[in-house]
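Okay, structure first, notes after.
Only heavy atoms go into these numbers, but all of them, side chains included; no hydrogens, no water, no symmetry mates.
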Amino acid sequence: GVNNVFELDAKLPIEFYYLKFRKTLKMVVGSLSTSLLTAHCMLPDIQVLSTISRENIKNEPQAPMIIELFNKLGIETKVI
């Protein structure tokens, strides 16, 4: 991948990647996905970042609640 950034094959469970690359992962970036909660639990020493567009916040009724939960757990959120 470019600059050591890779998009993962969605056909494989995310837990596979977390286990396989747990020693080399530096950061996990996603949206408002439960995969970020899984990363936070399975990989407590790496940065987990949630990015979401303002439009998605408007269209996703649960977005504010999920963002609040992520923030309470220490999962950084960025609105783009």
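Side-chain polar atoms of N56 and S31 form no donor-acceptor pair below 3.5 angstrom.
To the nearest 0.5 Å, atom CD of residue E55 and atom CD1 of residue I80 are 11.5 Å apart. Note that CD of E60 is 11.0 Å distant from OG of S53, once rounded to the nearest 0.5 Å. In this structure, I66 CD1 and N71 CG are separated by 12.0 Å, a value rounded to the nearest 0.5 Å.
Of the residues listed (L8, I75, I14, I46), the one engaging V28 in a side-chain contact (heavy atoms from CB on, under 4.5 Å) is I46, and it is the only one.
M65 and V79 end up in different hydrophobic clusters when Ile, Leu, Val, Met, Phe, Trp and Tyr side chains are linked at under 4.5 Å. Note: the hydrophobic cluster containing I52 does not contain V29 (ILVMFWY, side chain heavy atoms under 4.5 Å, direct or indirect links). Residues L36 and M27 do not share a hydrophobic cluster, defined by chaining ILVMFWY side chains whose heavy atoms lie under 4.5 Å apart. Linking Ile, Leu, Val, Met, Phe, Trp and Tyr residues whenever their side-chain heavy atoms come within less than 4.5 Å places L12 and F21 in a single cluster. F70 and L49 fall into different hydrophobic clusters, where Ile, Leu, Val, Met, Phe, Trp and Tyr are joined by side-chain heavy atoms under 4.5 Å apart, directly or via other members.
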Derivation and outcome, side-chain contact (heavy atoms from CB on, under 4.5 Å), residues Q47 and E76
CA-CA 8 Å; Q47 183 180 3; E76 184 179 356; 2.9 Å; yes

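Inter-residue side-chain proximity for V48 and L73 is flagged as unmet; no heavy-atom pair is nearer than 4.5 Å. No side-chain heavy atom of S50 sits less than 4.5 Å from a side-chain heavy atom of I67.
Pairs engaging residues 5-24 under the side-chain hydrogen bond (donor to acceptor under 3.5 Å, both in side chains) rule: none recorded [sequence neighbours left out].
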